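Numbering of ligands and ligand atoms starts at 1, following listing order. On a predicted model such as this, the values are computed, not experimentally measured, just so you know.
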Amino acid sequence: MINTKLISFRDICDPSRKQYFGHLTPIECGQEIPFEVHRIYYIYGVDQEARRGYHSHQDLEQVLICLGGSVKILIKTPDEEQVVQLDDPTKGLYIGPMIWREMFDFSQHATLLVLASKHYNEKDYIRDYARYEQEAKQYFQKG
Ligand code: TYD
């Protein structure tokens, strides 16, 4: 889907001793992550009934990684929508500008790590869907 993509990270593990040593996944800016990371936050302890997000960003780029458990992410533009299930710490969902997102179906102990391209700025948020739809139509028309 436009302005989004699924990114695969390395899984360093010795298959013969996986049960013992587990996995190691490295992430480097400029390699797996297509922007400089200026902020990191994580979401956890979310009730299974809860739905978070309900916003878009004007400029911000993010990569969402579910480190444990699972969560579903609805990504949406005025023209298309998709639900991506994150349940693998070697996968990251890149979400670029002007994508509406909602996070739901958090499993017990789900931990969602987010890497962001900029510091927190409430002015970059669009939290009203009607305003989002109007601005996104213009944004994607200009290409
Ligand atoms: P918000 O982004 O609305 O969370 P979600 O979309 O997951 O429901 O943020 C919730 C609150 O946390 C809001 O008051 C802003 C604050 N916040 C920060 O102070 N810094 C941050 O980096 C983020 C992401 C949120």
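Here the two rings, on Y125 and Y120, have centers that are under 6.0 Å apart.
The single protein non-hydrogen atom nearest to atom 14 (O) of ligand 1 is Y120 OH, 4.6 Å, given as residue, atom name and distance. Looking at atom 2 (O) of ligand 1, its nearest protein heavy atom turns out to be Y125 OH, 2.6 Å. Of the protein's non-hydrogen atoms, R52 NH2, 4.1 Å is the one closest to atom 10 (C) of ligand 1.
In this structure, atom 8 (O) of ligand 1 has protein heavy atoms in its sub-4.0 angstrom surroundings. For atom 17 (N) of ligand 1, the nearest protein heavy atom lies under 4.0 Å away. Under the 4.0 Å distance rule, the nearest protein heavy atom to atom 25 (C) of ligand 1 falls inside the cut-off.
For R127, the heavy-atom gap to ligand 1 drops under 4.0 angstrom. By the 4.0 Å heavy-atom criterion, Y54 is excluded from the residues contacting ligand 1. In this structure, H119 falls outside the shell of residues with a heavy atom less than 4.0 angstrom from ligand 1.
Within the set E102, R39, H55, R51, the minimum heavy-atom distance to atom 6 (O) of ligand 1 is found for H55.
Using a 4.0 Å cut-off between charged side-chain N and carboxylate O, K76 and E80 make no salt bridge. Salt bridge status for K118 with E36: absent, with no side-chain N to carboxylate O gap under 4.0 Å.
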*Where do Q134 and Y139 land on the side-chain hydrogen bond (donor to acceptor under 3.5 Å, both in side chains) test, with the steps shown first?*
CA-CA 9 Å; Q134 198 178 25; Y139 175 88; over 6 Å; no
*Going through the distances and angles, do I75 and M1 end up as a side-chain contact (heavy atoms from CB on, under 4.5 Å)?*
CA-CA 9 Å; I75 42 179; M1 191 173 129; 4.1 Å; yes
*I would like to know whether V84 and L6 meet side-chain contact (heavy atoms from CB on, under 4.5 Å); could you show each step before the answer?*
CA-CA 9 Å; V84 178; L6 206 57; 4.3 Å; yes
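Using a 4.5 Å heavy-atom cutoff, the side chains of T90 and R10 are not in contact.
Against a heavy-atom cut-off of under 4.0 Å, M103 is close to the following atoms of ligand 1: 7 (O).
The neighbour count for Q108 CD, taken as heavy atoms of other residues, nucleotides or ligands under 6.0 Å away, does not exceed 12.
Under 4.0 Å from ligand 1, the heavy atoms of I43 that appear belong solely to its side chain.
Note that CG of L60 and CG of D124 are 5.5 Å apart. Values are rounded to the nearest 0.5 Å.
By the 3.5 Å distance cut-off applied to N or O atoms, E122 is not counted among the residues near ligand 1.
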